[in-house]
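I have placed the structure first, in the form of structure tokens, so that the comments after it can refer back to it.
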Amino acid sequence: MEPVAVGLVGAGPWARMAHAPMLAKGPHTRLAGVWARRPEAAAGLGAPVFERIEELFDACEAVAFCVPPAVQAALGVRAARAGKPLLLEKPLGESLDAARRLAGAIAEAGVASQLVLTLRYAVETRTFLARCGEIQPFGGHAANISGALLGDHPFATPWRLERGALLDVGPHVIDLLDAALGPVAGVRAHGNPLGWTGLLLEHEGGAVSEVSLCMAAVGDLPPATFAVYGRTGNAVLLPFDDDPLDVVAEEFAQTVRNGGGHPLDAAHGLRLQRIIAEAEAQLAP
């Protein structure tokens with residue numbers, strides 16, 4: 001199969017660290033070009049730089065986004081209307097309305113989509129989820145604690161500093177518990193997205209789980225933890241060093257060639273954003 005020619009929108013820290021190397025590495029994809037608000041940043045990614053985003057669309061088969069949520073929601077609509085399959089970051093948009101517009105444009109255009117929920121592509125995670133399916137799970141908990149909002153951390157970007165952990169790492173954690181324990185049917189939230197956020201998730205079928213999120217902690221911090229408990233056993237996702245981005249690229253190429261069908265598509269991202277929007281509304285002052 002010929003590599004899928006993917007255009008990249010964005011040239012920030014995560015684009016430099018993850019998206020550009022992933023797409024350029026092959027063999028399933030090739031980096032066809034870059035468009036970014038700052039052309040000088042795009043020039044360092046080792047691919048042609050386009051002044052107009054429409055020129056990027058013309059030069060590629062599919063488009064990957066690595067930009068703030070508000071930018072992704074707006075430009076993703078344009079890419080979908082141009083007939084391009086989309087590789088999307090989480091969250092879909094800066095708000096539930098923005099996410100609805102993007103998911104709606106993707107559905108209306110009939111283009112394929114896939115989310116970079118990186119945990120879900122790791123072998124260790126898939127082994128963990130398979131184990132969860134064997135133990136008749138009834139509850140679980142997860143914690144994701146970091147200092148990413150502090151100091152000169154590369155991910156202390158304006159949208160994260162404004163919205164905090166719930167919108168940034170929340171999709172990863174909620175998605176994994178959703179996959180492990182059943183679709184999330186309700187959420188209760190307390191705390192502060194810029195400090196400590198606690199969630200109680202109610203899952204279809206009666207399971208419940210608790211989540212702790214923080215991006216403002218200091219010191220020697222533990223890795224993210226996930227544990228699920230069932231009637232016949234338990235499952236724990238241990239820390240791992242494997243990089244799942246090769247799998248992201250391979251599966252996106254398959255999604256493009258197949259015309260869709262990936263479970264982590266824009267419709268799934270919209271469902272996650274509904275849960276986050278409900279939690280954010282409970283945390284509003």
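Note: hydrogens, waters and symmetry copies are ignored here, and every other heavy atom, side chains too, is used. One-based numbering along the sequence shown.
Here CG of L8 is found 11.5 Å from CZ of R16. Values are rounded to the nearest 0.5 Å. One finds the CE atom of M17 at 4.5 Å from the CZ atom of F155 (value rounded to the nearest 0.5 Å). Atom NE2 of H172 and atom CG of N144 lie 8.5 Å apart (nearest 0.5 Å). Rounding to the nearest 0.5 angstrom, the gap separating the CD atom in Q114 from the NE2 atom in H268 is 11.5 Å. Going from atom CH2 of W196 over to atom CE of M215 covers 13.5 Å, rounded to the nearest 0.5 Å. Rounding to the nearest 0.5 angstrom, the gap separating the CG atom in L161 from the NE2 atom in H153 is 11.0 Å.
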Scan the side chains in residues 27-41 for donor-acceptor partners under 3.5 Å anywhere in the protein, sequence neighbours excluded, and list what turns up.
from : atom 1 : to  : atom 2 : distance (Å)
T29  : OG1    : L23 : O      : 2.9
W35  : NE1    : E51 : O      : 3.1

Side-chain donor-acceptor distances from residues 126-142 under 3.5 Å, at least two apart:
from : atom 1 : to   : atom 2 : distance (Å)
R126 : NE     : R120 : O      : 2.9
R126 : NH1    : E251 : OE2    : 2.9
R126 : NH2    : R120 : O      : 3.4
R126 : NH2    : E251 : OE1    : 3.3
R126 : NH2    : E251 : OE2    : 3.0
T127 : OG1    : V123 : O      : 3.0
R131 : NE     : N234 : O      : 3.2

Show every donor-acceptor pair shorter than 3.5 Å between a side-chain atom in residues 101-111 and any protein atom, with sequence neighbours excluded, or say none if there are none.
none

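Side-chain atoms of Q273 never come within 3.5 Å of backbone atoms of R100 as a donor-acceptor pair (strictly under, hydrogens ignored). Not one N or O on the side chain of E204 forms a donor-acceptor pair closer than 3.5 Å with the backbone of P183.
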Does F240 form a side-chain contact (heavy atoms from CB on, under 4.5 Å) with T125? I'd like the steps, not just the answer. CA-CA 9 Å; F240 58 87; T125 302; 3.9 Å; yes

Go through it in stages, so that I can follow the logic: the residues are R78 and K84, the test is side-chain contact (heavy atoms from CB on, under 4.5 Å), and I'd like the CA-CA distance, side-chain angles, deciding distance and then a yes or no. CA-CA 9 Å; R78 292 167 64 179; K84 303 300 177 181; over 6 Å; no

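S95 approaches A98 most closely through the heavy-atom pair OG-N, 3.1 Å. The heavy-atom pair separating A64 from H19 by the smallest distance is CB-CD2, 4.4 Å. Heavy atoms only, all atoms of each residue included: L92 and A266 are closest at CD1-O, 3.4 Å. Heavy atoms only, all atoms of each residue included: A18 and L245 are closest at CB-CD1, 3.6 Å. The shortest heavy-atom contact between P223 and P239 is CG-CG, 3.5 Å. For the residue pair R160 and L194, the shortest heavy atom distance occurs at O-CD2, 4.1 Å.
Using a 4.5 Å heavy-atom cutoff, the side chains of S209 and F226 are not in contact. For the pair L87/M22, a side-chain contact is recorded, criterion being any heavy-atom separation below 4.5 Å from C-beta on. The shortest distance between side-chain heavy atoms of E89 and W14 falls below 4.5 Å. Between P193 and L283, some side-chain heavy-atom pair lies under the 4.5 Å cut-off.
The hydrophobic cluster containing L177 does not contain Y229, counting ILVMFWY residues as joined when their side-chain heavy atoms lie under 4.5 angstrom apart, directly or transitively. Both L167 and L270 are assigned to one and the same hydrophobic cluster, defined by single-linkage of ILVMFWY side chains at heavy-atom distances under 4.5 Å. Note: the hydrophobic cluster containing I174 also contains L119 (ILVMFWY, side chain heavy atoms under 4.5 Å, direct or indirect links). Hydrophobic clustering (ILVMFWY, side-chain heavy atoms < 4.5 Å, transitive): V49 and L45 are in distinct clusters. Neither V173 nor I145 shares a network with the other; the hydrophobic side chains, linked directly or stepwise wherever heavy atoms of I, L, V, M, F, W or Y lie under 4.5 Å apart, form separate groups for each.
Salt bridge E94/R163: absent, no basic N to carboxylate O contact under 4.0 Å. In summary, D175 and K90 do not engage in a salt bridge, as defined by a charged side-chain N under 4.0 Å from a carboxylate O.
For H262 and Y121, the gap between ring centers is short of 6.0 Å.
If you run side-chain contact (heavy atoms from CB on, under 4.5 Å) between L201 and each of V208, L181, V187, D178, only V187 comes through. For the side-chain contact (heavy atoms from CB on, under 4.5 Å) criterion with V63, the lone passing option out of V6, L88, V9 is V9.
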